[in-house]
Amino acid sequence: MPLRFYNTLSQQVEDFAPARDNTVRMYTCGPTVYSFAHIGNFRTFTFVDILRKCLRANGFKLDHVMNITDVDDKIIRNAAAEHKDLKEYTAIYTQAFLEDCAALRLERPEHLVPATEHIDEMAAAIARLTASNHTYQSDGSVYFRIATFPGYGKLSHNDFSGNIAGARVDVDEYEKADARDFALWKAPKEGEKYWDTAIGPGRPGWHIECSVMAIEYLGETLDIHAGGIDLVFPHHENEIAQSESLTGKPFSRFWMHAEFLMVEGQKMSKSLGNYFTLRDILGRGYAPEAVRYLLASVPYRKALNFTFDGLQSAKTAIERLRNFKLRLETGAFADGLDQSLADRTAAAQAQFSDAMDDDLNTAEALAAIFEYVRDVNTAMDAGEMRSANRGPALACLARFDKVFDVLQPTAESGEMADSEVESMIAARHDAKQARNFALADQVRAQLLEQGIILEDTKSGTRWKRKSS
Ligand SMILES: [Zn+2]
């Protein structure tokens with residue numbers, strides 16, 4: 001079966017392939033760095049990570065841009081309240097966001113771009129929209145006149161005909177599906193940070209940021225634009241209006257949106273006391289991979305009910321898989337190959353891939369793996385497993401983990417993760433190649449301090465942890 005995704009624009013499941021040269025050009029709306037990101041945000045970012053891994057498993061390369069919104073109303077308000085410079089304030093939460101992403105094992109997009117690094121390009125785009133009569137000015141701010149864009153409403157499937165009255169809105173986020181002219185450029189306010197640009201002083205609105213950076217890095221038509229469902233209107237609708245008015249071309253071929261996350265069956269809100277950042281959850285002693293598993297386990301187009309029971313089940317599920325892997329690795333099996341087990345393994349791999357290719361049906365993909373684990377455990381209990389079945393079974397598990405990435409435990413504080421050890425060994429190898437033996441010895445000593453013992457063999461360096 002071909003890879004296929006639900007496209008919010010067409011409201012259909014469509015076969016997917018990039019438009020050009022095997023590379024998927026993708027844009028996702030990143031965080032607004034005004035506080036720690038909450039688990040609802042990370043549901044979306046985890047979906048994007050799963051999407052990346054599924055695209056790569058299909059043989060595609062990725063060129064993916066994510067913006068960091070480091071200027072907006074909330075940031076300006078919060079930074080002022082804490083008497084911090086805008087950059088100083090956003091650096092704290094940008095760093096926190098990157099740490100949280102790393103904890104959840106979310107791959108870095110190829111380009112992670114702060115909005116404030118592209119203010120001049122945004123001003124230039126606004127000037128071009130003005131030259132083609134898509135804007136008007138009021139009190140030093142520039143607004144996009146949505147009556148000049150006939151396709152307005154095509155993503156959110158709102159029918160705005162007869163409703164485009166020219167009312168305008170200054171804030172970037174508005175919930176009511178009203179057709180309103182929105183701010184591209186905001187006039188400077190007393191005491192607020194502003195930029196001097198070719199279109200005058202001020203700062204960009206949120207929507208223009210994404211259009212400009214997407215086109216700059218990826219070209220006029222993207223393969224995929226992804227984000228949370230709450231961004232469909234007005235943010236993505238406005239991105240389309242601006243971008244297509246600038247280029248005359250479709251802005252993105254596919255639009256993919258992750259559904260809401262609820263907590264214990266309720267909408268997450270600070271007043272209900274069920275508002276959690278990732279840090280809150282990890283602070284309660286849950287491993288990041290359990291959070292990752294739970295966020296990934298529900299297909300992205302279904303609302304996800306985040307519960308602590310669910311986290312506990314995620315933990316149990318991961319343990320089951322790790323034990324299975326250990327049993328495969330360490331079991332003593334008779335020589336030869338059991339053909340029916342070999343067929344079972346191939347079938348599990350195919351079911352897993354088919355489910356993922358079916359609009360990222362992670363629930364079905366997981367079901368395929370757990371049925372397989374049960375069957376192989378039964379076969380091992382019955383002594384049917386043969387030595388030549390071991391490799392393919394581990395490969396099947398590795399194929400799963402390439403997407404879900406939960407099998408490797410997160411290092412306890414103080415203990416080095418395997419990947420860190422490996423990368424230090426690689427650094428030592430490079431130092432030796434460069435005949436920098438002092439550095440190589442230093443790396444070995446550092447590892448020994450961490451309780452890691454190296455053994456150089458003909459086939460490379462092996463390592464083990466010193467048993468305490
Ligand atoms: Zn955006």
Side-chain angles (χ1 to χ4, degrees), residues 7-9 24-34 37 40-45 47-49 51-52 63-75 90 93-94 97 101 106 109-119 121-122 125-126 129 144 146 149 151-156 169 171-175 177 180 182-186 203-247 250-260 300:
N7 188 346
T8 308
L9 188 62
V24 178
R25 292 170 177 80
M26 175 157 88
Y27 186 91
T28 49
C29 298
T32 302
V33 281
Y34 72 103
N41 303 133
F42 283 112
R43 197 245 166 134
T44 301
F45 297 128
F47 143 65
V48 171
D49 188 63
L51 172 60
R52 282 179 60 95
D63 194 4
H64 175 193
V65 176
M66 186 194 269
N67 64 313
I68 301 271
T69 298
D70 58 352
V71 52
D72 95 325
D73 300 337
K74 289 185 291 263
I75 292 172
T90 56
Y93 292 105
T94 302
F97 174 71
C101 288
L106 308 180
E110 282 64 28
H111 310 273
L112 195 66
V113 200
T116 54
E117 289 179 9
H118 290 278
I119 303 277
E121 291 90 332
M122 292 173 209
I126 294 167
L129 287 170
F144 186 90
I146 61 171
F149 184 69
Y152 198 78
K154 67 182 174 183
L155 181 70
S156 54
V169 58
V171 293
D172 289 325
E173 292 175 76
Y174 44 101
E175 281 183 10
R180 302 227 183 180
F182 56 89
L184 295 163
W185 188 254
K186 302 186 181 195
R203 63 183 171 93
W206 173 37
H207 313 297
I208 192 70
E209 174 188 311
C210 290
S211 290
V212 166
M213 296 197 290
I215 293 170
E216 168 146 346
Y217 286 90
L218 301 171
E220 294 179 335
T221 300
L222 320 174
D223 290 308
I224 300 176
H225 194 311
I229 191 102
D230 52 324
L231 298 187
V232 173
F233 187 88
H235 183 52
H236 290 165
E237 200 74 75
N238 292 350
E239 282 190 35
I240 289 177
Q242 300 160 152
S243 304
E244 299 190 358
S245 297
L246 279 168
T247 67
F251 181 39
S252 183
R253 297 168 54 234
F254 280 73
W255 287 85
M256 297 176 70
H257 294 98
E259 268 292 341
F260 286 111
Y300 75 97

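Hydrogens, waters and symmetry mates are skipped; everything else that's a heavy atom, side chains included, is used. Counting starts at 1 for both ligands and their atoms, following the listed order. Just so you know, residue 1 is the first one in the sequence shown, and it goes up from there.
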(message) Looking only at the side chains, is there a donor atom on one of N67 and Y27 sitting less than 3.5 Å from an acceptor on the other?
(response) yes

(message) Classify the ring geometry of F45 against F42: parallel below 30°, tilted from 30° to 60°, perpendicular beyond 60°.
(response) perpendicular

(request) Please list, in chain and residue-number order, the protein N/O/S atoms closer than 2.8 Å to the Zn ion (ligand 1). (result) C29 SG, C210 SG, H235 NE2, E239 OE2

(message) Hydrogens and angles aside, do D70 and T116 bring a side-chain donor and acceptor to less than 3.5 Å of each other?
(response) yes

Return a table of donor-acceptor pairs under 3.5 angstrom between the side chains of residues 219-227 and protein atoms on other chains or two or more places apart.
{"from": "E220", "atom 1": "OE1", "to": "K249", "atom 2": "NZ", "distance (Å)": "2.5"}
{"from": "T221", "atom 1": "OG1", "to": "P250", "atom 2": "O", "distance (Å)": "2.7"}
{"from": "D223", "atom 1": "OD1", "to": "A19", "atom 2": "N", "distance (Å)": "2.9"}
{"from": "D223", "atom 1": "OD1", "to": "R253", "atom 2": "NH1", "distance (Å)": "2.6"}
{"from": "D223", "atom 1": "OD2", "to": "R25", "atom 2": "N", "distance (Å)": "2.9"}
{"from": "H225", "atom 1": "NE2", "to": "E239", "atom 2": "OE1", "distance (Å)": "2.6"}

(request) Return the orientation label for the F144 and F182 ring planes: parallel under 30°, perpendicular over 60°, tilted otherwise. (result) parallel

(request) Quick one: pull up CE in M26 and NE2 in H111 and give me the separation to the nearest 0.5 Å. (result) 11.5 Å

